[in-house]
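Here the structure is laid out as structure tokens; the discussion comes afterwards.
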Number of protein chains: 2
Amino acid sequence: MMTIKDVAEKAKVSTATVSRVINNKTEGITEEMRRHVQKVIDEMGYTPSGLARGMVTKKTYTIGLVIQNICNPFFPKMVSGVESIAYKNGYMVLLCNTDENIEREKNYVSILREKRVDGIIITVSNGKDKEYISNLTAGNIPFVFLDEIAEDVNCVCVDNESGAYKATTHLIELGHKNIACLSGPDTSITNLQRVKGYRKALEEANLPIREELILKGTYKADSGFKNTENILNRYNDVTAIFCANDFNALGAYEAAMAHGKKVPEDISIVGFDDILDIPANNFAFTSVSQPTYEMGQEAAKMLIDIIDKKELKDEVVSFQPNLIVRDSTSTPK
Amino acid sequence: MMTIKDVAEKAKVSTATVSRVINNKTEGITEEMRRHVQKVIDEMGYTPSGLARGMVTKKTYTIGLVIQNICNPFFPKMVSGVESIAYKNGYMVLLCNTDENIEREKNYVSILREKRVDGIIITVSNGKDKEYISNLTAGNIPFVFLDEIAEDVNCVCVDNESGAYKATTHLIELGHKNIACLSGPDTSITNLQRVKGYRKALEEANLPIREELILKGTYKADSGFKNTENILNRYNDVTAIFCANDFNALGAYEAAMAHGKKVPEDISIVGFDDILDIPANNFAFTSVSQPTYEMGQEAAKMLIDIIDKKELKDEVVSFQPNLIVRDSTSTPK
DNA sequence: ATGAAAGCGCTAACAT
DNA sequence: ATGTTAGCGCTTTCAT
């Protein structure tokens with residue numbers, strides 16, 4: 001591998017001069033010299049070492065992006081949003097898939113530290129564990145939390161409560177009175193906020209909150225399936241289900257079908273995240289949509305801002321989610 | 001930021017000893033000393049610098065992954081496959097989104113060189129441009145081409161010809177005789193192979209190849225839409241369309257609808273890539289599915305193999321695609 | 001078993 | 001305007 005020294009020798013100049021050229025320094029170098037050195041660089045096909053440069057400048061122009069699972073359709077746009085802003089600002093992104101595994105999450109963050117990334121964007125799986133969060137953010141690396149919220153850190157998120165409120169209110173306005181709620185994991189603040197929004201909507205509509213209709217679960221389809229089966233077996237007055245995310249909605253849909261119930265004729269289902277939005281289908285879910293691309297962009301902007309200004313300000317940017325009404329909700333029979 | 005020197009001083013040992021501990025060297029160090037140093041490291045919360053290490057070892061344990069667009073549902077699983085194998089082997093992946101923009105592709109590769117990645121996995125947009133390819137792979141960085149094929153390089157791909165052959169044969173077996181072919185960009189070898197498979201199927205079935213039914217296009221939905229409109233306007237004997245990818249199929253579907261034709265009753269459509277496979281829908285496309293996760297894994301394995309053995313062998317690993325018959329194909333009326 | 005010191009390829013401060 | 005040189009934080013010989 002060629003070095004700056006090789007170039008300097010070939011061009012019969014000092015390494016400092018070569019350095020001035022590859023870094024586009026304007027002062028202290030004549031146009032003629034610049035052209036001369038550049039020519040040698042091009043001829044030799046020299047590429048400076050980012051490692052060496054990073055060592056002395058203390059900057060790597062690399063950020064880490066820790067996400068749960070790129071295969072979950074919720075994330076690609078977010079990743080793309082991050083990448084687009086990063087690229088525009090000269091940064092590259094190291095992709096870290098955690099599979100919602102806390103150990104892997106920790107491990108990745110530690111490797112990112114070793115790699116001396118300039119900052120980290122992370123979608124944590126457990127925003128409630130304060131000790132965990134503070135261990136994560138220990139050290140002087142800028143952090144931005146994306147999607148999931150945590151306290152005392154910079155966050156880009158969506159107003160989950162408002163989203164859930166909109167979804168539930170939609171069901172209420174359609175005429176539903178007995179609405180079940182399939183919640184996600186209670187380690188997730190996001191989920192807690194969604195349940196809160198569900199409750200708020202019922203309260204404001206003066207509908208009773210039936211605790212037995214609020215089921216704990218996970219963000220997976222099998223959880224939605226099981227919980228819906230339970231609901232359907234026990235309470236035949238339930239005509240609608242608010243799901244904490246679309247995988248739950250998918251499970252709910254399948255359980256309803258298995259139960260001989262039609263969606264939306266017999267039972268209405270609202271999801272959250274809007275990841276089931278492939279066009280050209282006859283049937284699509286009503287769901288709360290998040291502007292994931294913009295959220296990714298915002299997170300990257302915020303991170304780069306912090307990196308540049310080196311100030312951590314514990315800011316929270318909250319996006320408004322959007323209820324998209326489609327085919328899985330209708331008035332009750 | 002702490003350095004190995006700080007640790008050495010605190011532990012009253014040399015930096016060499018600390019280095020032995022952080023690298024888990026077994027020889028030349030007593031268990032007692034290891035424990036002592038490790039304790040100091042833990043207390044101080046020291047994280048070694050990967051940059052400094054990389055400079056001397058000439059290894060970064062980082063690979064670059066250059067893909068067209070993570071938002072295209074075809075790619076996330078591929079990325080995930082790459083990431084899973086990389087992680088297992090101690091590598092991280094730098095994600096590079098190119099938007100099929102050749103300039104951006106080149107630029108990213110050049111940045112990856114600067115970062116001294118150990119290798120690059122790339123899904124090029126133009127496998128036919130030999131000069132471009134050889135410029136890309138110039139230098140001693142190991143390359144593996146994924147999805148799209150190029151000559152004289154290590155490749156992981158799918159047998160596109162066979163996939164197209166299966167898809168077209170499926171239509172023929174259903175009884176279709178006049179089958180159009182919406183092809184993708186002719187800069188893509190992948191696309192050329194798919195068209196080849198289409199032709200082969202017709203030939204083997206002794207069906208005439210009507211060149212006017214083979215339309216050039218891109219991999220986007222609007223191309224499929226326009227081409228289908230043309231077909232429908234001119235040739236009303238066409239009862240089936242083979243599409244070079246699913247976006248084309250989507251466009252074809254919409255054009256058919258706009259034309260008052262029902263799918264599959266009036267016209268059958270086969271896609272390629274199987275990216276429209278969201279469950280719980282009443283309608284889904286018949287498509288040729290690629291094992292993208294496995295392909296990603298294989299590419300990562302191959303790359304790490306090359307990195308370890310430092311031998312470039314111009315190997316081509318070809319996966320068999322699978323025709324998934326769903327609701328967009330049936331016998332002609 | 002442990003330590004001293006050279007060197008990886010750059011940048012930046014200081015000389016010239 | 002250009003050059004000299006001291007690090008940046010590690011690993012790796014080579015001594016001891």
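Here is how names work: the chains are called A, B, and so on, in the same order as the sequence lines, proteins then strands, and each is numbered from 1. Computed from a prediction, not measured in an experiment: that's the story for all the values here.
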Strand contacts (DNA chain C) in residues 42-60 of chain A, 4.0 angstrom heavy-atom criterion:
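Close to the strand are A/Tyr46, A/Pro48, A/Ser49, A/Ala52, A/Arg53, A/Val56, A/Thr57.
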
When you measure from every atom of DNA chain C, which of residues 11-20 of chain A have a heavy atom less than 4.0 Å away?
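Within residues 11-20 of chain A, the residues near DNA chain C are A/Ala16, A/Ser19.
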
Pair B/Ile149-B/Val316, side chain to side chain contact (heavy atoms under 4.5 Å, CB included): steps then yes or no
CA-CA 9 Å; B/Ile149 300 148; B/Val316 175; 5.8 Å; no

Whole-Å distance separating the [atom1] atom of [X] from the [atom2] atom of [N]:
| X | N | atom1 | atom2 | answer |
| --- | --- | --- | --- | --- |
| A/Arg113 | D/dC10 | CZ | C1' | 19 Å |
| B/Ile29 | D/dT12 | CD1 | P | 14 Å |
| B/Met2 | D/dC10 | CE | P | 10 Å |
| B/Arg116 | D/dC10 | CZ | C1' | 17 Å |
| B/Met1 | D/dG9 | CE | C1' | 12 Å |

Provide the full list of salt bridge (charged side-chain N to carboxylate O under 4.0 Å, His left out) pairs with a residue in [range], sequence neighbours left out, each pair given once.
| range | result |
| --- | --- |
| residues 41-50 of chain A | none |
| residues 68-84 of chain B | A/Arg104-B/Glu83 |
| residues 22-33 of chain A | A/Glu31-A/Arg34, A/Glu31-A/Arg35 |

What ring-ring contact (aromatic ring centres under 6.0 Å, His included) pairs are there with at least one residue in [range], not counting sequence neighbours?
| range | value |
| --- | --- |
| residues 18-50 of chain A | none |
| residues 95-124 of chain A | A/Tyr108-B/Tyr87 |
| residues 48-72 of chain B | B/Tyr61-B/Tyr91 |

List the atom pairs, donor and acceptor, that lie under 3.5 Å between side-chain atoms in residues 8-21 of chain A and the rest of the protein, sequence neighbours left out.
from: A/Ser14; atom 1: OG; to: A/Ala16; atom 2: N; distance (Å): 3.4
from: A/Ser14; atom 1: OG; to: A/Thr17; atom 2: N; distance (Å): 3.3
from: A/Ser14; atom 1: OG; to: A/Thr17; atom 2: OG1; distance (Å): 3.3
from: A/Ser19; atom 1: OG; to: A/Asn23; atom 2: ND2; distance (Å): 3.3

For a quick test of your reading: what N or O donor-acceptor pairs under 3.5 Å do the side chains of residues 293-301 of chain B make, sequence neighbours left out?
from: B/Tyr293; atom 1: OH; to: B/Ser84; atom 2: OG; distance (Å): 3.3
from: B/Gln297; atom 1: OE1; to: B/Ser84; atom 2: OG; distance (Å): 3.4

A/Glu131: which residues meet the side-chain contact (heavy atoms from CB on, under 4.5 Å) condition with it, sequence neighbours left out?
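For A/Glu131, the residues satisfying side-chain contact (heavy atoms from CB on, under 4.5 Å) (neighbours in sequence not counted) are A/Asp129, A/Asn135.
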
Covered region of DNA chain C, 5' end to 3' end, by chain A [heavy atoms, under 4.0 Å]
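Range of nucleotides within reach of chain A: C/dG9 to C/dA12.
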
Any side-chain N or O of B/Thr3 below 4.0 angstrom from OP1/OP2 of D/dC8?
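No, outside the criterion.
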
Within the structure, does a side-chain N or O atom of B/Lys5 lie under 4.0 Å from either OP1 or OP2 of D/dC8?
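B/Lys5 to D/dC8 OP1/OP2: no side-chain N or O under 4.0 Å.
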
B/Glu100 side chain to B/Ser125 side chain, donor-acceptor N/O pair below 3.5 angstrom:
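No.
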
